[in-house]
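In what follows, every heavy atom counts, from backbone to side chain, and hydrogens, waters and symmetry copies are set aside. From a predicted model like this one, the values you see are computed outputs, not experimental measurements.
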Amino acid sequence: MSGIVIVGAGQAAASMAAKLRALGHEGTITIIGSEPLPPYQRPPLSKAYLLGDMGVERLTLRAPDWWEENAITLRLGTSVTAIDTEAQRVTLSDGESLAYSELAICTGATPRRLPAAIGGELGNVFTVRNLADVDAMRPLFDAGKRLVVVGGGYIGLEAAAVARKLGLEVTLIEAAPRILGRVACAQTADAIRALHQSHGVEILEGIGLARLTGETDVTGAELADGHTLPADFVIVGIGVTPDEAIAREAGIQCENGVAVDAQGQSSTPHVWAAGDCASFPGPEGRLRLESVGNAIDMGELVAANMLGAAKDYAPKPWFWSDQFDAKLQIAGLNAGYDRVVTRHDDGASFWYFRDGRLIAVDALNDARAYMVGKRLIEAAKPVTPEQVETTPELKALMK
């Protein structure tokens, strides 16, 4: 008997399965996940969970009995080793195979690692992607220990913030000229840098890593300028790549992830994709988003389209990051911006424009700016940089 099989057990998979049942699908649904746990939230891993403010039981996306009540089969601790698109079957790591009527690939993304040649495989060198990663590093978060963070993106900065709050000595190194170089404007980076420095994080920008030192476990980080930082452990946050290998091996078209059309269907009949591993058509080429919002919305869209809805995906990007006592909320996509307007209201907000059109907002401790900006972007409401700069009350921009 065939049914809907979902490869991957993250946010996109969970949202897709729930939506299928909500829309009345009565056939079998099987989620296959390589981790031993049912689908859980990943963003808190580098924030509240690492800090100890959230227990593992609060990470799970659904109550344990919800899956059984909704007749959704979880095959956990199991991975898909092959997809036969002609026979419409997947082979599992335990040797079993499952037939599918529709297949969804929701395999997420994999963190980039440092090469073994420069010490990337030494002990106490970590990435932050899943629960096992964080559980492995948590015992080292003792006051006074020395942490080196490689990479000045959100994951690295969040881990640095947690470490300082717990009393560790933290140095973050970024090879690019500044932190957040690929994802935020200089003004946002300046604010985040100042926040970290005020809490005692040492940030070194424009300095590359030559290698990690140590025999078995890491003992230090040698920089490109010859200086060596002592380290009890290292966290590597240098980005992720879409987990597309199983699709590519099956002959499914991949282009910065599993390439899908506007409705989430891949190049192969009866094969779909959603979440971090999927790239879809955008206004200016293919787009891949790494966010909870995208995983939820795209997962639900694919569920509806499997059942015949034939709806195109219209993403409404939003992101967030918690660091120290600051919440950074982001709406829209800032690619290609040519002007940034800064406001100081409840907190600080940075408004991105391209050719005079508002395309994104970064709001630091300013929920009002985030909500107004998000609504303006989603409604495509015309607003000029001058209006954002001079309007006393942001809500007036909505009129």
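A pairwise comparison of heavy atoms in Val170 and Ala163 identifies CG2-CB, 3.5 Å as the closest pair. Residues Asn305 and Ala310 approach most closely at OD1-N, 3.0 Å, considering heavy atoms. Nearest heavy atom pair, residue Ser279 against residue Glu255, reads OG-O, 2.8 Å. When all heavy atoms are compared, the tightest approach of His270 to Tyr100 is O-CE1, 3.9 Å. The shortest non-hydrogen separation linking Ala82 to Ile246 is N-CD1, 3.6 Å. Between Leu45 and Leu50, the shortest heavy-atom contact is O-CB, 3.1 Å.
The closest side-chain donor-acceptor pair between Tyr49 and Arg138 falls under 3.5 angstrom. Side-chain N/O atoms of Arg343 and Ser349 include no donor and acceptor closer than 3.5 Å. Under the 3.5 Å distance criterion, with hydrogens and angles disregarded, no donor-acceptor pair is assigned to the side chains of Tyr313 and Asp261. Checked by atom type, the side-chain pair Thr127/Arg113 shows a donor-acceptor distance below 3.5 Å. Thr188 and Asp362 form a side-chain donor-acceptor contact under 3.5 Å, judged by distance and modelled atom types alone. Trp318 and Gln329 share no side-chain donor-acceptor pair at under 3.5 Å. For the residue pair Tyr40 and Glu35, a side-chain donor N or O sits within less than 3.5 Å of a side-chain acceptor on the partner. Side-chain contact check for Glu158 and Ser321: at least one donor-acceptor pair (N or O, by modelled atom type) lies under 3.5 Å. A donor-acceptor contact closer than 3.5 angstrom links the side chains of Thr213 and Thr219.
Proximity of a side-chain donor or acceptor of Glu96 to a complementary backbone N or O of Thr91 within less than 3.5 Å is not detected. One N or O on the side chain of Lys47 and one on the backbone of Pro43 form a donor-acceptor pair closer than 3.5 Å. For Glu169 (side chain) and Arg146 (main-chain N/O), no donor-acceptor pair under 3.5 Å exists by modelled atom type. Side-chain N or O atoms of Arg129 include none that pairs as donor or acceptor with a backbone N or O of Pro111 at under 3.5 Å. Of the possible polar contacts, none joining the Lys19 side chain to the Ala14 backbone as a donor-acceptor pair under 3.5 Å is found. Using a distance-only test at 3.5 Å, with no hydrogens or angles considered, no donor-acceptor pair links the side chain of Arg288 to the main chain of Gly257. Under a 3.5 Å cut-off, the side chain of Ser15 and the backbone N or O of Ala12 do not form any donor-acceptor pair. Remark: the backbone N or O of Gln253 is paired with a side-chain donor or acceptor of Ser267 at under 3.5 angstrom. Under the 3.5 Å distance criterion, the side-chain polar atoms of Asp84 are left unmatched by any main-chain donor or acceptor of Arg89. Using a distance-only test at 3.5 Å, with no hydrogens or angles considered, a donor-acceptor pair links the side chain of Thr384 to the main chain of Gln387.
Hydrophobic clustering places Val80 together with Ile105 (ILVMFWY residues linked when any side-chain heavy atoms are closer than 4.5 Å, directly or through intermediates). Tyr370 is not connected to Ile330 by any chain of hydrophobic side-chain contacts under 4.5 Å among Ile, Leu, Val, Met, Phe, Trp and Tyr, and they are in different clusters. Hydrophobic cluster membership is shared by Val149 and Ile155, with clusters built from Ile, Leu, Val, Met, Phe, Trp and Tyr side chains linked at under 4.5 angstrom. Grouping the Ile, Leu, Val, Met, Phe, Trp and Tyr side chains by contacts below 4.5 angstrom, directly or via other members, places Leu223 with Leu114. Each of Ile29 and Val271 belongs to its own hydrophobic cluster when Ile, Leu, Val, Met, Phe, Trp and Tyr are linked at side-chain heavy-atom distances under 4.5 angstrom.
Cation-pi geometry between Arg357 and Tyr352 is not satisfied (NZ or CZ under 6.0 Å from the ring centre, within 45° of the ring normal).
Residue Glu389 places its CD atom among more than 12 non-hydrogen atoms of other residues, nucleotides or ligands, all under 6.0 Å distant. Residue-environment remark: CZ (Arg339) exceeds the threshold of 12 foreign heavy atoms within 6.0 Å. Other residues, nucleotides and ligands place more than 12 heavy atoms under 6.0 Å from the CD atom of Glu386. The local environment of CZ in Arg368 is sparse, with at most 12 non-hydrogen atoms from other residues, nucleotides or ligands closer than 6.0 Å. With a 6.0 Å radius and a threshold of 12 heavy atoms from other residues, nucleotides or ligands, Glu215 has its CD atom at or below the threshold. Surrounding CD of Glu69 are more than 12 heavy atoms belonging to other residues, nucleotides or ligands, all under 6.0 Å away.
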Glu174 vs Arg178, test: salt bridge (Lys or Arg N to Asp or Glu O under 4.0 Å). Steps then yes/no.
CA-CA 7 Å; Glu174 171 55 61; Arg178 64 171 175 84; over 6 Å; no
Would you please test Ile377 and Ile359 for side-chain contact (heavy atoms from CB on, under 4.5 Å) and show each step?
CA-CA 6 Å; Ile377 293 164; Ile359 57 172; over 6 Å; no
Test side-chain contact (heavy atoms from CB on, under 4.5 Å) applied to Ile72 and Arg21, step by step
CA-CA 9 Å; Ile72 296 170; Arg21 288 293 185 238; 4.2 Å; yes
Stepwise salt bridge (Lys or Arg N to Asp or Glu O under 4.0 Å) test for Lys145 and Asp142
CA-CA 6 Å; Lys145 283 194 179 291; Asp142 287 333; 5.1 Å; no
Working for ring pair (Phe, Tyr, Trp, His ring centres under 6.0 Å), residues Phe233 and Phe141
CA-CA 9 Å; Phe233 67 113; Phe141 276 73; 5.2 Å; yes
Test side-chain contact (heavy atoms from CB on, under 4.5 Å) on Val128 and Met137 and set out the steps.
CA-CA 9 Å; Val128 184; Met137 71 177 73; 3.7 Å; yes
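To the nearest 0.5 Å, atom OG1 of residue Thr342 and atom CG of residue Leu364 are 11.5 Å apart. The CG atom of Leu76 lies 9.0 Å from the CH2 atom of Trp67; values are rounded to the nearest 0.5 Å. Note: Phe126 CZ to Leu147 CG = 10.0 Å, rounded to the nearest 0.5 Å. Between atom CD of residue Gln88 and atom CD of residue Glu102 there is a gap of 7.5 Å, rounded to the nearest 0.5 Å. Note that CG of Leu168 is 9.0 Å distant from CG of Leu140, once rounded to the nearest 0.5 Å.
Using a cutoff of 4.0 Å between basic side-chain nitrogens and carboxylate oxygens, Arg354 and Asp338 are not scored as salt-bridged. One finds a salt bridge joining Arg75 and Asp94 here, because a Lys/Arg side-chain nitrogen approaches an Asp/Glu carboxylate oxygen to under 4.0 Å.
In this structure, Phe324 and His199 have parallel ring planes: the angle between them is below the 30° cut-off, well short of the 60° mark.
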